[in-house]
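Structure record follows, encoded as structure tokens.
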Protein chains: 2
Amino acid sequence: MVKYSRYRLDLAFGALAHPIRRGILARLASGETTVAELARPHKVSAPAISKHLRILEQAGLMSRRKRGRERVCRIEAERMKEAQGWIEGQRALWNRRLDALEKYLKENP
Amino acid sequence: MVKYSRYRLDLAFGALAHPIRRGILARLASGETTVAELARPHKVSAPAISKHLRILEQAGLMSRRKRGRERVCRIEAERMKEAQGWIEGQRALWNRRLDALEKYLKENP
DNA sequence: ACTATATTTAACCATATGGTTAAATATAGT
DNA sequence: ACTATATTTAACCATATGGTTAAATATAGT
């Protein structure tokens with residue numbers, strides 16, 4: 001039972017939690033391309049890829065636009081940055097605490 | 001149907017995809033503490049918290065040790081670093097590409 | 001030994017995820 | 001108009017997630 005609407009970071013991290021979706025993002029990081037091209041390296045059906053793309057799109061990590069009968073996909077950098085930012089913030093806290101501890105131990109041998 | 005064993009990054013990102021778990025990690029970033037203390041800010045049952053902790057632990061983002069009848073939880077920095085590293089790598093690619101494009105546009109007005 | 005506290009496990013339920021095949025939709029190309 | 005190609009939607013199934021309450025387990029404290 002989901003009680004709260006799903007926040008942006010939930011969707012972003014959730015989208016990053018599957019190897020095929022990370023593979024798709026990795027491919028997109030080197031330039032936009034079509035759905036067929038994104039699907040090629042993975043051995044799942046076209047509908048499966050379509051679902052992964054929807055999850056990435058809903059998470060705001062990627063966008064699609066039509067080009068003839070193809071769809072061209074493009075990474076969206078902002079949400080990736082937000083996800084990274086969250087982790088970074090935690091690690092900053094954590095490291096600051098460890099530094100303080102280290103300093104304390106040095107000063108109180 | 002999950003066909004491949006779940007990789008470390010799958011578990012790590014999956015674990016980060018819930019606000020309660022991110023809240024728990026945020027608390028842990030400022031120092032280790034007990035399960036009861038971690039549960040306090042969240043209005044779900046104790047078993048729900050216990051499940052979240054298990055997910056965090058299986059993802060390698062946190063560890064638990066016994067202290068009397070309590071369990072003391074502690075963040076595990078390494079896996080956090082890996083998750084951040086993955087995103088960072090993608091963004092590096094992406095930004096390099098954008099920089100190259102910008103340069104190209106500047107040189108070919 | 002008895003009782004209270006901390007935490008997990010069991011059993012249950014609803015929804016989300018991750019896959020499939022078959023069918024629908026839209027455009028390209030003749 | 002006809003056919004091929006690209007992609008999505010529908011219907012289905014199994015497993016994972018996220019919650020609940022009730023019970024079990026383990027230790028603390030008298």
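Numbers restart at 1 for each chain; the letters A, B, ... are given by sequence-line order, proteins then strands.
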Which whole-number value in Å describes the distance from [X] [atom1] to [N] [atom2]?
| X | N | atom1 | atom2 | answer |
| --- | --- | --- | --- | --- |
| Arg65(A) | dT7(D) | CZ | P | 13 Å |
| Phe13(B) | dT17(D) | CZ | P | 16 Å |
| Arg21(B) | dT17(D) | CZ | P | 8 Å |
| Glu57(A) | dT7(D) | CD | C1' | 13 Å |
| Ile20(A) | dG18(C) | CD1 | P | 9 Å |
| Ile55(A) | dA16(D) | CD1 | C1' | 13 Å |
| Asp10(A) | dA16(C) | CG | C1' | 13 Å |
| Leu56(B) | dA16(D) | CG | P | 18 Å |

Inset, instruction - Give a yes or no on whether a salt bridge exists between Glu88(A) and Arg91(A), defined as a side-chain N under 4.0 angstrom from a carboxylate O. - result: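 Arg91(A) and Glu88(A): not salt-bridged.
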pair [X]-[Y]: side-chain heavy atoms closer than 4.5 Å:
| X | Y | result |
| --- | --- | --- |
| Cys73(A) | Thr33(A) | no |
| Ile20(A) | Ile49(A) | yes |
| Ile87(A) | Phe13(A) | yes |

Inset, instruction - Can you tell me which stems DNA chain C forms, taking runs of 3 or more consecutive Watson-Crick or G-U pairs with both distances under 3.5 Å? - result: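 Paired runs of 3+ in DNA chain C: C:1-30 with D:1-30.
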Legend entry - Arg71(B) or Ala46(A), whichever maps to the more 5' nucleotide of DNA chain C: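 The residue mapped nearer the 5' terminus is Arg71(B).
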Legend entry - First of Val35(B) and Pro47(A) reached from the 5' end of DNA chain C, by closest nucleotide: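 The residue mapped nearer the 5' terminus is Val35(B).
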Inset, instruction - Assign Ile49(B) to base, sugar-phosphate, or nothing according to its heavy-atom contacts below 4.0 angstrom with the strands shown. - result: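 Nothing, no heavy atom under 4.0 Å.
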Inset, instruction - Quick one: label Arg64(A) by what it contacts on the DNA or RNA (base, sugar-phosphate, nothing), any heavy atom closer than 4.0 Å. - result: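 Result for Arg64(A) = sugar-phosphate.
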Under-4.0 Å side-chain N/O to phosphate OP1/OP2 contact, [X] with [N]:
| X | N | value |
| --- | --- | --- |
| Ser45(A) | dT20(C) | yes |
| Arg54(B) | dT7(C) | no |
| Lys66(B) | dT27(D) | yes |
| His52(B) | dT17(D) | no |

Inset, instruction - Select from Lys51(B) and Gly68(B) the residue whose nearest nucleotide in DNA chain D is closer to the 5' end of that strand. - result: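 First, find each residue's nearest nucleotide; the 5'-ward one identifies Lys51(B).
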Inset, instruction - Mind telling me whether His52(A) and His18(A) have parallel, tilted or perpendicular rings, with 30° and 60° as the class edges? - result: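 Tilted.
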Tell me which nucleotide among [options] gets nearest to the side chain of [X].
| X | options | answer |
| --- | --- | --- |
| His18(B) | dT8(D), dG18(D), dA6(D) | dG18(D) |
| Ala36(B) | dT7(C), dA11(C), dG18(C) | dT7(C) |
| Val44(B) | dT8(C), dT20(C), dT20(D) | dT20(D) |

Legend entry - N/O donor-acceptor pair under 3.5 Å between Arg22(B) side chain and Leu16(B) backbone: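 Looks like yes, one N/O pair under 3.5 Å.
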Inset, instruction - Would you confirm whether Arg8(B), through its side chain, and Glu82(B), through its main-chain N or O, come within 3.5 Å as a donor-acceptor pair? - result: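 Checked: no pair found.
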N/O contacts under 3.5 Å, protein versus nucleotides 3-5 of chain D?
unit_1: dT5(D); atom_1: O4'; unit_2: Arg69(A); atom_2: NH1; d: 3.4
unit_1: dT5(D); atom_1: O2; unit_2: Arg69(A); atom_2: NH1; d: 3.2

Inset, instruction - Please name the residue in the list Arg74(A), Arg67(A), Arg64(A) that meets the salt bridge (charged side-chain N to carboxylate O under 4.0 Å, His left out) test with Glu32(A). - result: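 Output: one option passes, namely Arg74(A).
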Inset, instruction - Before giving the answer on salt bridge (charged side-chain N to carboxylate O under 4.0 Å, His left out), spell out for Glu37(B) and Arg40(B) the whole-Å C-alpha distance, their side-chain angles and the decisive distance to 0.1 Å. - result: CA-CA 5 Å; Glu37(B) 171 75 20; Arg40(B) 208 181 320 281; 2.9 Å; yes
Inset, instruction - Using salt bridge (Lys or Arg N to Asp or Glu O under 4.0 Å) as the criterion, list what pairs up with Arg54(A), not counting sequence neighbours. - result: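 With sequence neighbours excluded, Arg54(A) shows a salt bridge (Lys or Arg N to Asp or Glu O under 4.0 Å) to no residue whatsoever.
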